[in-house]
Amino acid sequence: MYRPAGYFSESYGKDINLIQHREHWILVGLLIVFFASVVLFAGNYLLGIINLILISIISILGLQILTGFAGQLSVGHAALMAVGAYSSAILSTQGVPVPISIILASFLTGAIGFLIGWPSIRIKGFYLLMTTFAAQIIIIWAIKNPLASITRGPLGHPAPPPRLFGYVLSGERAWFVCLSLILCAATIVALNLKRSKAGRALIAIRDNDLAAEVMGINLRNYKLFAFFVACIYAGLAGALYAHWQNSAVPEGYDLMKSIWYLGYLVVGGAGSIVGCYLGTIFFILLEEILMLVFSYLGNLNQSWLATIAPLKSIIFGGIIAVFLIYEPRGLASRWEIIKSYYRSWPFPYVRGN
Amino acid sequence: MKRSLIAAVLMSVLAIFSVGSVGESQAAEKELVIGSVQDLSGPWSSSGKPIIAGRADYARYVNEKLGGVDGAKFKVISMDTGYNIDREISAYKKFLDVDRALFMINANSAAAYAINNMMEESKRGMPFTHTAEPTIIFRGKGSWYFGSTATAADGTVGLIRWWIEDVWKKREPPRIGLVNSDVAPGQVSALYAREVMQERGIPPAAEFLIPPMPMDISNFAMQMRKANLDMVVGLQTNAGWTVTLRDLGKFSVPATRVVSCCLSDRDIKTLGPNAAGIYVGFNTPIWSDTDVPAVKLIRKLRAEWGINEPADVNYFWGWMQGAIVCEAITRAVKKAGSFEKFNMDIDKARHLIRDVMENDMKGFDAMGMCRPLQYEPNDHRPFDASRFYHVEPDLSLKFIPNPGPWPMAEKYKNTKWWLDAMAKAKK
């Protein structure tokens, strides 16, 4: 690992600090400047996009723990968000304060995830993918059909905004502050988890589960732990998403969303926390920018609109394909290259890998 | 590298400043902005493309032929969100804060429900309408939502009722199969159809929820054949109907096929001989209904604009929405006294349009394009009716006269499903 010249860790405590040297503090400072700029100057539309990114990152952090760290593939993440969303929406309309309902919903989703993760004890890879696919279908079907008397089925369920210390959390700016703090906490938990005994055990399972087992790692417990933690993240993101939109509707958590979430992870970089941020920002901004560009072009001449609209999907897919060809290790890898360049500047020839 | 890093940070901050300032900017002089969202890609795109063209063409007609409104011209900002709820909500926020739109026409039922809730919660919104309203009809007080077409459920049930009473005419109950899309409009149609059939003592003989973008549903078609159905009815995406109807034809399922909405001219051409014999319900008159003043006008305008091909059946749906929205804005400007007074405060202008929609639009029928509107405060349904057509062997559409005005709205109100939902909404 590269560090600026002259920096030495003199104790274990210093070695595991998340913020270790001046450059880290500069980054934190820039983040605070960015945060303040957004709060002070961004319009509601931009804030809305940023808030969607923040919620998505919380969800992707969970998927990163499950897939990136533990190597357990899942295409049921959106359905687990739906569990969190509906649980919190229902609890909050039954009189439970929204912050408490969000916490309860997160842990309830964790418990559901525990059940969904049970097959992972016996199966892995493509077969596990199929069980999570089944979970995605069954959960959404259950919300729409047998549980319709509770969830209101296709009609959607209202989700009131949270009330914190007598203040109703309404409006994009207030949500941005709240979501930033939650994401900050979620990121710190994920970063620390990665460096903990459990995190290292998960990475060992991902790299070679047989070797991990031989080394004494309890595969069953750690795999279920990964599902449990990942689903808490999914439930938290789903609940926040529902209260942010004031409603929980089944179509917000469809199979395509689960698949795209895996895409966010791959493009961002599997196994990297920074990758969760970069992949999510890349995808959501790309989608939004393409929507705006095509809307602008189409509105120059209405007759173009219908003709060029399908091109949007082609360009979107094309950009991702090209990206994966030239940067298969994800955006996080690019970020590492930039960092190593910066650390060795102005002597790039010592950059090494 | 250091310099580029600093430059990148500065650019990011500048970008935030600029977007923030866009949010505060005024709409261009003498413009009345309408936000228009529809699926131009994805499973509904075959309907979406002509719908969005119809909306824009009505605005063009007012601008070019009627001189706009007090010197101001309509500007329709169209967006394709590809049936993605996140993109649609994002578009709503853009229309509300960046484009300063006066009215929004949206596409996705689930997004419409979320948008409605967000507007009510924030106490700030703009009037909006939707292609079909199944998920937000239970809105309670203070809604910004106005229906502009018969609901998807109305279409399905209207067709079932018409078919049982006017076509079936046998003593034994028919075996009806419900084939709906597994998204909100389809599911609500199924919900309502089940209840109305139950009232008549006819349980569904088979029921299917089809994915919005089916790859192959031959298995469903085989099951429908086994169920020995007399009629297949439902609401699906264009992609869904095209595959379902093709497979029903391919497996020679003898049931009468009734499509409640979402079939375009292009779909009919794609289906070819498999389309012949289908009964279709649309929300508006179509190209061949030359006795309707609006259709006459559209034919004349398209000839003037050099558009030679007949307008798609869904174009008229968009035209009707455009007509309702533009008319409400026009009346609101007149009510304000002048465009300048109307344009002074965007939020007041939006409230004025909502007031006009609730109180001053009664009887407006868009030159015969819809049934006369019946908006009232807190009851924003248009009460329009489906029109039925039969696809002839040459794939032309033949109008089937309705047995009379559909009493669906009243009937709708008295079903258990409706009453329960209204009671929940009031809570």
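Chain letters run A, B, ... following the sequence lines, proteins first, then strands; residues in each count from 1.
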Over all heavy atoms of both residues, which pair between B:Ser41 and A:Pro310 is shortest? Give the atoms and the distance, please.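 Residues B:Ser41 and A:Pro310, closest heavy atoms: CB-CA, 4.4 Å.
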Heavy-atom closest pair, residues A:Tyr45 and B:Asp97: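 Looking at all heavy atoms of both residues, the closest pair is N-OD2, 4.4 Å.
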Measuring heavy-atom distances to chain B, does A:Trp244 have an atom under 4.5 Å in its side chain, in its backbone, in both, or in neither?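 Both backbone and side chain.
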Part of A:Tyr296 lying under 4.5 Å from any heavy atom of chain B: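 Neither part, no heavy atoms under 4.5 Å.
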Among the options B:Arg60, B:Lys49, B:Gln38, B:Lys75, pick out the one with the most heavy-atom pairs lying under 4.5 Å from chain A.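 Ranked by heavy-atom pairs under 4.5 Å with chain A, first place is B:Lys49.
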Measure [X] against the heavy atoms of chain A and call it side chain, backbone, both or neither at under 4.5 Å.
| X | answer |
| --- | --- |
| B:Ile85 | side chain |
| B:Leu209 | side chain |
| B:Ile77 | both |
| B:Asn84 | side chain |

For [X], look at atom [atom1] and say whether over 12 heavy atoms of other residues, nucleotides or ligands are found less than 6.0 Å away.
| X | atom1 | result |
| --- | --- | --- |
| A:Phe133 | CZ | no |
| A:Phe35 | CZ | yes |
| B:Arg266 | CZ | no |
| B:Trp305 | CH2 | yes |

Using side-chain contact (heavy atoms from CB on, under 4.5 Å) as the criterion, point out the one residue from A:Ile49, A:Leu52, A:Ile284 that pairs with B:Ser90.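 Of the listed options, the one satisfying the test is A:Ile49.
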Between atom [atom1] of [X] and atom [atom2] of [Y], what is the distance when rounded to the nearest 0.5 Å?
| X | Y | atom1 | atom2 | answer |
| --- | --- | --- | --- | --- |
| B:Asp86 | A:Ile53 | CG | CD1 | 11.0 Å |
| B:Arg124 | A:Asn44 | CZ | CG | 6.5 Å |
| A:His157 | B:Asn117 | NE2 | CG | 11.0 Å |
| A:Gln245 | B:Glu121 | CD | CD | 13.0 Å |
| A:Ser313 | B:Asp80 | OG | CG | 7.0 Å |
| A:Asn246 | B:Ile115 | CG | CD1 | 12.0 Å |

Between chain B and each of A:Ala248, A:Gly298, A:Pro161, count heavy-atom pairs under 4.5 Å; write down the option with the most.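 When all of A:Ala248, A:Gly298, A:Pro161 are compared, A:Pro161 has the most.
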Below 4.5 Å, heavy-atom pairs only: which of A:Glu287, A:Lys257, A:Lys312 has the largest tally toward chain B?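 Max contact count across the listed options: A:Glu287.
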Looking at side-chain heavy atoms only, is the closest gap between B:Met79 and A:Leu292 below 4.5 Å?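 Contact flag for B:Met79/A:Leu292 side chains = yes.
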Does the [X] side chain pair with the main chain of [Y], one donor and one acceptor, at a distance under 3.5 Å?
| X | Y | result |
| --- | --- | --- |
| A:Ser295 | B:Ser78 | yes |
| A:Glu288 | B:Arg87 | no |
| A:Lys144 | B:Asp182 | yes |

Stepwise side chain to side chain contact (heavy atoms under 4.5 Å, CB included) test for A:Arg152 and B:Tyr113: CA-CA 12 Å; A:Arg152 287 169 45 106; B:Tyr113 178 68; 3.9 Å; yes
Stepwise, does the side-chain hydrogen bond (donor to acceptor under 3.5 Å, both in side chains) test hold for A:Asp254 with B:Tyr83? CA-CA 11 Å; A:Asp254 59 1; B:Tyr83 208 68; over 6 Å; no
